[in-house]
Amino acid sequence: TTEIYTLSLHDALPILPEFYFRATPLEVNGVVYTGAGERRAVVAIDAGTAETLWMWRMKDNPRWEKSPRRFSGRGLAYAEIDGKGKIIVITPGYYMALIDAATGRPILEFGENGIVDLQIGLGYDVDPIHGIDSKYGLITHGSPPIVVNDIIVVGNSHGRGYYPKQKENIPGHIRGYNIRTGKQMWIFHVIPKPGEFGHETWENDAWQWSGDMSSWAPASADPELGLVYIVTNASTVQSYTGQRPGDNLFGGSVLALDAQTGERKWHFQIHHSDQWNYDIPTAPILMDLTVNGERIPALIQNTKQGLIFAFNRQTGEPIWPIEERPVMQTQVPGNYTSATQP
């Protein structure tokens with residue numbers, strides 16, 4: 001049954017030359033684990049000798065061909081379950097695999113023969129071969145997931161929002177999965193549905209068809225607080241908001257979610273109604289600061305504009321004052337801009 005998913009070492013090698021080998025390797029107990037190539041093959045390498053210990057790649061299907069691939073995936077996740085190492089990878093086709101770190105074999109009890117189809121559970125019909133109908137947009141992930149207290153938290157990425165082919169898109173909802181079974185435990189709607197916090201910030205009923213709102217940058221987590229910290233980008237399209245007026249929560253935001261339930265604990269929107277490709281591009285930095293003699297569990301967030309925001313990572317309170325200031329308004333007919341920005 002694993003033949004539909006797993007390749008031999010020989011078959012995992014690319015047929016055509018590849019030139020895209022960016023990765024952020026992990027080193028655990030003398031073994032380096034890394035991604036390789038556009039199809040995100042997973043490779044285990046002896047750190048002392050550079051010998052290839054094993055290699056795994058999911059077999060290609062039409063999902064890979066039409067995926068907004070984001071190439072390398074920026075790395076892998078590692079976790080220990082009952083004392084045994086596991087590697088977690090998200091493929092360009094938006095599947096998630098749990099792999100034994102010692103052997104390179106999928107853990108068959110996870111999902112379906114070691115694989116979870118991440119397109120399932122977003123609220124769309126999913127064709128077994130082709131996935132979600134492309135009329136709704138395309139979705140994948142460009143960063144590794146993060147494991148927080150036996151929950152795998154998964155984000156996503158889409159095609160680049162500054163030259164989209166359509167205004168409709170798949171929302172980049174965030175989800176948590178049981179690390180042993182692969183069962184989806186929760187979903188957080190980055191575009192709030194009716195009755196949810198922030199829904200009123202989507203005017204023109206744009207919540208029904210707008211999407212993207214990726215969390216394409218890596219995430220951070222505080223296991224002691226049980227919180228995972230996610231950053232997001234704008235909704236489609238990223239250069240005009242006339243079709244989606246309003247502040248558009250939770251775009252351009254730092255989100256603190258309960259890793260066990262997906263409940264929002266706090267958030268801060270750094271860009272209201274983003275239309276400048278100001279995606280928050282980096283994982284939140286977690287550190288402790290002493291301010292006026294008080295020790296504060298801090299979250300520091302860098303941005304593309306060079307502004308740095310600092311919060312108490314437990315409460316979401318700004319460490320230093322953040323002002324909402326009036327900003328220049330759009331002169332483009334039909335467009336929308338927020339009256340203020342932080």
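Here the structure is a predicted model, which means the values were calculated and not measured. Residues take their numbers from the sequence shown, with the count starting at 1.
- When atom types are taken as modelled, the side chain of T201 and the backbone of D247 share no donor-acceptor pair closer than 3.5 angstrom.
- In this structure, the ring-ring contact (aromatic ring centres under 6.0 Å, His included) partners of Y136, at least two apart in sequence or on a different chain, are Y124.
- A 4.5 Å side-chain heavy-atom check between L289 and I300 finds at least one atom pair inside the cut-off.
- Proximity of a side-chain donor or acceptor of H267 to a complementary backbone N or O of S253 within less than 3.5 Å is not detected.
- Residues W209 and Q166 have side chains not in contact (no heavy-atom distance under 4.5 Å, counting atoms from C-beta outward).
- Between H189 and H173, the ring-plane angle classifies as perpendicular under the 30° and 60° cut-offs.
- A donor-acceptor pair is defined here as one N or O able to donate and one able to accept, closer than 3.5 Å; such a pair exists between the side chain of T232 and the backbone of G252.
- When the side chains of ILVMFWY residues are joined at heavy-atom separations under 4.5 Å, either directly or via intervening members, I139 and Y95 end up in two distinct hydrophobic clusters.
- In this structure, V332 shares a hydrophobic cluster with V237, Y240, the cluster being traced through Ile, Leu, Val, Met, Phe, Trp and Tyr side chains under 4.5 angstrom apart.
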(message) If you apply the rule side chain to side chain contact (heavy atoms under 4.5 Å, CB included), what do you find for Y33 with V43, and how did you get there?
(response) CA-CA 6 Å; Y33 302 96; V43 186; over 6 Å; no
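- Partners of W266 according to the ring-ring contact (aromatic ring centres under 6.0 Å, His included) rule, which considers only residues two or more places apart in sequence or in another chain, are F311.
- Checking Y336 against N248 by side-chain atom types alone, no donor-acceptor pair falls below 3.5 Å.
- For the pair V153/W186, a side-chain contact is recorded, criterion being any heavy-atom separation below 4.5 Å from C-beta on.
- Remark: the backbone N or O of P284 is paired with a side-chain donor or acceptor of S220 at under 3.5 angstrom.
- The aromatic rings of F268 and F309 sit tilted, their planes meeting at an angle between 30° and 60°.
- Formation of a donor-acceptor pair under 3.5 Å by the S215 side chain with backbone atoms of G155 is not found in this model.
- Note on V231: it clusters hydrophobically with L307, by side-chain heavy-atom contacts below 4.5 Å among ILVMFWY residues.
- Considering every non-hydrogen atom in both G131 and V126, the closest pair reads CA-CG1, 3.8 Å.
- The structure places CG of D258 at 10.5 Å from CG of L225, a figure rounded to the nearest 0.5 Å.
- Distance check: M213 CE to H158 NE2 gives 10.0 Å after rounding to the nearest 0.5 Å.
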(message) If you apply the rule side chain to side chain contact (heavy atoms under 4.5 Å, CB included), what do you find for I81 with L98, and how did you get there?
(response) CA-CA 11 Å; I81 305 174; L98 185 69; 4.3 Å; yes
(request) Check step by step if side chain to side chain contact (heavy atoms under 4.5 Å, CB included) holds for I170 and Q119. (result) CA-CA 10 Å; I170 299 170; Q119 287 196 2; over 6 Å; no
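- In this structure, the side chain of Q341 engages the main chain of H272 through a donor-acceptor pair within 3.5 Å.
- Between G114 and P106, the shortest heavy-atom distance links the atoms CA-CB, 4.1 Å.
- Enclosure of atom CZ in R180 by more than 12 non-hydrogen atoms of other residues, nucleotides or ligands within 6.0 angstrom is indicated.
- With rounding to the nearest 0.5 angstrom, the CD atom of Q260 is 9.5 Å from the CG atom of N178.
- The ring-ring contact (aromatic ring centres under 6.0 Å, His included) test applied to F110 returns no partner, not counting sequence neighbours.
- Listed by first and then second residue, the side-chain hydrogen bond (donor to acceptor under 3.5 Å, both in side chains) pairs involving residues 280-295 are T282-Q301, D288-R313, T290-R295 (not counting sequence neighbours).
- Put simply, the side chain of N149 gets close to the backbone of P223: a donor and an acceptor are under 3.5 Å apart.
- Taking CZ of R57 as the reference point, atom CZ of R39 lies at 4.0 Å (rounded to 0.5 Å).
- L249 and F188 fall within the same hydrophobic cluster, defined by Ile, Leu, Val, Met, Phe, Trp and Tyr side-chain heavy atoms under 4.5 Å apart, directly or through other members.
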(request) Test W202 against R244 for side chain to side chain contact (heavy atoms under 4.5 Å, CB included), laying out the working first. (result) CA-CA 6 Å; W202 291 85; R244 53 174 176 92; 4.2 Å; yes
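- Using a distance-only test at 3.5 Å, with no hydrogens or angles considered, a donor-acceptor pair links the side chain of T337 to the main chain of T330.
- Separation of atoms CD1 (I120) and CG (D125) is listed at 10.5 Å; rounding is to 0.5 Å.
- In this structure a side-chain-to-backbone donor-acceptor pair under 3.5 Å is present from Q329 to S338.
- Side-chain contact check for S239 and N277: no donor-acceptor pair (N or O, by modelled atom type) lies under 3.5 Å.
- The ring-ring contact (aromatic ring centres under 6.0 Å, His included) check on H199 picks up W207, with sequence neighbours excluded.
- H141 places none of its side-chain heavy atoms less than 4.5 Å from the side chain of L118.
- No donor-acceptor pair under 3.5 Å is formed between the side chain of N204 and the backbone N or O of A206.
- Linking Ile, Leu, Val, Met, Phe, Trp and Tyr whenever their side-chain heavy atoms come within less than 4.5 Å leaves I187 and I174 in two separate clusters.
- The CG atom of L138 sits 12.5 Å away from the CG atom of N156 when rounded to the nearest 0.5 Å.
- In this structure, Q305 places its CD atom where more than 12 heavy-atom neighbours from other residues, nucleotides or ligands lie under 6.0 Å away.
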(message) Set out, in order, the CA-CA distance, both residues' side-chain angles and the distance that settles salt bridge (charged side-chain N to carboxylate O under 4.0 Å, His left out) for D274 and K304, then state yes or no.
(response) CA-CA 12 Å; D274 182 10; K304 284 184 177 179; over 6 Å; no
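- Y94 and V89 are members of different hydrophobic clusters when ILVMFWY side chains are connected at heavy-atom separations under 4.5 Å.
- Pairing each heavy atom of R40 with each of I90, the nearest pair is NH1-O, 2.7 Å.
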